[in-house]
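Take a look at the structure below.
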Amino acid sequence: MELNLRYQPLEAVEADAVVLVAFEGQKDARAGLAEWIEAGEITGKMLEMTLLHQAAGLRARRLLVVGGGKPEAFGPPELRKVAGAAVRLLKGRSIRRAALYLDAGLAGAEYARAAAEGALLGDYEPDRYKTTKNNGQAFEQFTVAAAPGTSDLGEAVERGRVIAESQNFARELVNEPANRLTPTLLAERAREMAAAHGLECEVLDQDRMRQLGMGSLLGVAMGSAEPPALIVLRYRPAAASGSSHLGLVGKGVTFDTGGISIKPADGMEKMKYDMAGGAATIGAMRALAQLKPAIPVTAFIPAVENMPGQRAQRPGDIVTSMCGKTIEVINTDAEGRLILADALCYARGQGCTHLVDAATLTGAIVVALGHIYVGAFTNDDAWLGRLLSAARAEGEKIWHMPLEDDYKDYLKSAFADLPNVGGRWGGAVTAAWFLKEFADPAPWVHLDIAGTAWLDDAKPYSAKGPTGVAVRTLVNLAMNWKE
Ligand code: BES
Ligand code: MN
Ligand code: ZN
């Protein structure tokens with residue numbers, strides 16, 4: 001999709017359709033809209049869509065009016081949705097060149113960036129393997145338009161392009177089926193991306209991990225014929241200010257059968273998305289390579305396939321993690337925490353001072369928060385506070401979940417330092433508590449994205465399937481770093 005920026009009066013904009021945002025309770029003198037508003041046909045309700053032909057005084061043949069809801073509740077995250085919904089509606093009608101007009105109140109940099117992002121995110125379709133594409137052909141041209149004399153929005157639109165393309169890159173990875181994205185192939189994709197954008201990429205193989213004592217990660221890999229990989233992506237700023245080093249850790253289970261504690265067949269095909277946390281960190285690194293934050297950022301993606309092969313680990317097996325703690329594997333389906341344990345420990349050893357992990361870790365977080373909020377757990381409230389402000393600015397919904405010492409009793413093993421599962425209750429919390437044992441003492445946030453990394457039903461502004469959740473928050477966190 002070609003992305004443009006124009007400074008023109010609304011009347012002069014040339015496109016197959018020009019898109020305007022209309023707000024609830026606002027009289028609107030633009031393009032003859034007053035008439036439609038008075039008639040009650042346009043109300044301005046959030047994402048209400050009205051496609052008009054030959055609107056008064058416009059050069060563009062069509063006018064798409066998208067509701068923005070109440071003006072006081074409108075910000076860049078809402079505009080992102082508006083732009084995405086506009087693109088999806090238009091391309092469904094074979095209209096593939098549009099301009100979103102940002103009038104006075106919307107002509108700031110954060111709005112311009114959100115408009116560009118929304119258009120690119122809305123255009124994404126998980127149809128790589130369909131010979132007949134979903135929802136028509138891809139969009140051709142999207143223009144962000146604002147009045148002449150508006151301050152320069154070029155850099156903002158460019159940032160939006162980088163971030164949204166990186167989020168879509170993560171979605172492409174998540175969408176890949178497990179036969180086309182094994183741990184080895186995921187490492188190859190990360191390597192290609194790193195070469196294209198000037199990041200360092202190192203892939204630790206099984207032998208190296210054995211030397212390092214990563215028994216917890218390697219135990220999960222035992223059941224698969226596909227070898228595991230620990231993918232490391234490094235960004236270093238030209239001149240680092242301060243002494244912080246951000247570490248991003250992403251769960252990269254390319255397929256989760258459950259292992260010997262095998263999952264039911266129903267819906268198991270979705271478990272190709274069990275590497276969405278890893279994809280989010282790879283996507284974030286792709287954006288950071290181009291946006292160049294002031295601090296070093298390193299991503300660690302433990303990539304494995306969780307299979308019940310002949311050499312698979314068994315319930316009751318005891319493994320030793322890199323940090324020396326022993327783990328009793330009660331349930332081989334609680335594999336994410338096992339691979340993250342070694343990756344977190346390794347990340348600390350690599351000098352990371354602040355950690356964030358993203359993982360499709362538990363079904364329990366879906367029970368707790370549904371498909372709306374990401375669950376966040378931390379050992380450092382101030383550090384989580386910074387991540388939550390990044391998330392708010394990016395329109396990603398993240399909820400602070402509890403993680404207190406009271407939960408410690410839920411994780412007791414008679415035979416090892418820790419079991420890999422707690423009891424029946426608080427499954428997302430016990431999973432997070434397990435991770436904390438390996439992240440401590442570094443300030444750390446765990447994002448459980450099991451409910452939010454995949455959309456079962458399309459939204460007006462997004463296709464069904466992979467969402468690329470967490471990419472924007474991670475990028476914002478690194479870009480707005482304060483010591
Ligand atoms: N990958 C799953 C979690 C998951 C579930 C992600 C549903 C997306 C949708 C994870 O590895 C898993 O299997 N977790 C188990 C843990 C249990 C065995 C303690 C779960 O949530 O059932
Ligand atoms: Mn599992
Ligand atoms: Zn899993």
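Atoms considered below: every heavy atom in the structure, side chains included; atoms not considered: hydrogens, waters and symmetry mates.
Within 6.0 Å of CD in E200 there are more than 12 heavy atoms belonging to other residues, nucleotides or ligands. Counting non-hydrogen atoms of other residues, nucleotides and ligands closer than 6.0 Å to NZ of K270 gives a total above 12. Around the OH atom of Y129, the shell of radius 6.0 Å holds more than 12 heavy atoms that belong to other residues, nucleotides or ligands. Within a 6.0 Å sphere centred on CD of Q310, other residues, nucleotides and ligands contribute 12 heavy atoms or fewer. Within a 6.0 Å sphere centred on CG of D266, other residues, nucleotides and ligands contribute 12 heavy atoms or fewer.
Here the side chain of Y461 pairs no donor or acceptor atom with the backbone of L47 at under 3.5 angstrom. A side-chain donor-acceptor contact under 3.5 Å links D127 to the backbone of N134. No side-chain donor-acceptor contact under 3.5 Å links S261 to the backbone of G258. At least one donor-acceptor pair under 3.5 Å links the side chain of K272 to the backbone N or O of N175. Remark: side-chain polar atoms of T298 are not paired, donor with acceptor, to backbone N or O of G247 under 3.5 angstrom. Side-chain atoms of H371 come within 3.5 Å of backbone atoms of G451 as a donor-acceptor pair (strictly under, hydrogens ignored). In this structure, T332 contributes its side chain and I260 its backbone to a donor-acceptor pair below 3.5 Å. Distance alone, capped at 3.5 Å, is enough to place a donor-acceptor pair between the D123 side chain and the F139 backbone. For the pair Q167 (side chain) and T467 (backbone), a donor-acceptor distance under 3.5 Å is present. Here the side chain of W383 pairs a donor or acceptor atom with the backbone of L355 at under 3.5 angstrom.
To the nearest 0.5 angstrom, D342 atom CG is 9.0 Å from L230 atom CG. Annotation: the span from D409 atom CG to D406 atom CG amounts to 8.0 Å, rounded to 0.5 Å. Distance check: T452 OG1 to I365 CD1 gives 8.5 Å after rounding to the nearest 0.5 Å. Taking CG of L212 as the reference point, atom CE of M209 lies at 9.0 Å (rounded to 0.5 Å). Considering CD of E335 and CG of L217, their distance stands at 11.0 Å, rounded to 0.5 Å. N420 contributes atom CG, which lies 7.5 Å from atom CD1 of I327 (distance to the nearest 0.5 angstrom).
Annotation: side chain of L418 is not in contact with side chain of S413 (no heavy-atom distance under 4.5 Å). Two residues are said to be in side-chain contact when any heavy atoms from C-beta on lie closer than 4.5 Å; R180 and L185 fail this criterion. For the pair P419 and L411, the minimum side-chain heavy-atom distance is below 4.5 Å. Contact annotation: the side chain of M479 never approaches that of I163 to less than 4.5 Å [non-hydrogen atoms, C-beta and beyond]. Here the side chains of M1 and E165 are not in contact, with every heavy-atom distance at 4.5 Å or above. At least one side-chain heavy atom of V445 sits less than 4.5 Å from a side-chain heavy atom of T378. For the pair L340 and P302, the minimum side-chain heavy-atom distance is below 4.5 Å. Residues L186 and I282 form a side-chain contact, since some pair of their non-hydrogen atoms from C-beta on lies under 4.5 Å apart.
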Kindly indicate, with the supporting measurements, whether the criterion side chain to side chain contact (heavy atoms under 4.5 Å, CB included) is fulfilled by S244 and E483. CA-CA 7 Å; S244 303; E483 284 297 325; 2.8 Å; yes
Could you go through the side chain to side chain contact (heavy atoms under 4.5 Å, CB included) check for L338 and Q313 one step at a time? CA-CA 12 Å; L338 293 172; Q313 67 181 346; 3.8 Å; yes
Derivation of the side chain to side chain contact (heavy atoms under 4.5 Å, CB included) call for V475 and S166: CA-CA 10 Å; V475 171; S166 298; over 6 Å; no
Test salt bridge (Lys or Arg N to Asp or Glu O under 4.0 Å) on R80 and E110 and set out the steps. CA-CA 10 Å; R80 191 180 287 109; E110 284 307 300; over 6 Å; no
Please determine whether side chain to side chain donor-acceptor pair (under 3.5 Å) holds for the pair T326 and D417, giving the CA-CA distance in whole Å, both sets of side-chain angles, and the decisive distance to 0.1 Å. CA-CA 5 Å; T326 57; D417 296 337; 3.3 Å; yes
With side chain to side chain contact (heavy atoms under 4.5 Å, CB included) as the test, would you mind laying out the steps for V249 and T281 before giving the verdict? CA-CA 7 Å; V249 181; T281 59; over 6 Å; no
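Applying the salt bridge (Lys or Arg N to Asp or Glu O under 4.0 Å) test to E396 and every residue at least two apart in sequence or in another chain returns nothing.
Each side-chain hydrogen bond (donor to acceptor under 3.5 Å, both in side chains) pair with one or both residues in residues 427-437, not counting sequence neighbours, appears once here: K325-E437, W433-E437, K436-D440.
Closest approach of A359 to K251, counting heavy atoms only: CB-CB, 3.6 Å. Smallest separation of non-hydrogen atoms from A279 and L173: CB-CB, 4.1 Å. Considering every non-hydrogen atom in both F169 and G283, the closest pair reads CD2-CA, 4.4 Å. A pairwise comparison of heavy atoms in A156 and A109 identifies CB-O, 3.3 Å as the closest pair. Here the closest heavy-atom approach between residue F255 and residue M268 is recorded as CZ-O, 3.3 Å. R161 approaches A116 most closely through the heavy-atom pair N-CB, 4.5 Å.
Test D380, N379, D357 against W444 for side-chain hydrogen bond (donor to acceptor under 3.5 Å, both in side chains) and you get one pass: D357. Among the candidates R171, K133, R88, K464, the single residue satisfying the salt bridge (charged side-chain N to carboxylate O under 4.0 Å, His left out) test with E125 is R88.
Side-chain contact of E78 with Y111: a donor-acceptor pair under 3.5 Å is absent, judged by distance alone.
Salt bridge annotation for E172-R128: absent, with no cationic side-chain nitrogen under 4.0 angstrom from a carboxylate oxygen. Using a cut-off of 4.0 Å between Lys/Arg side-chain N and Asp/Glu carboxylate O, R314 and D317 are scored as salt-bridged. Using a cutoff of 4.0 Å between basic side-chain nitrogens and carboxylate oxygens, E394 and R113 are scored as salt-bridged.
Between Y346 and F300, the ring planes lie perpendicular to each other; the angle is over 60°, past the 30° to 60° tilted range.
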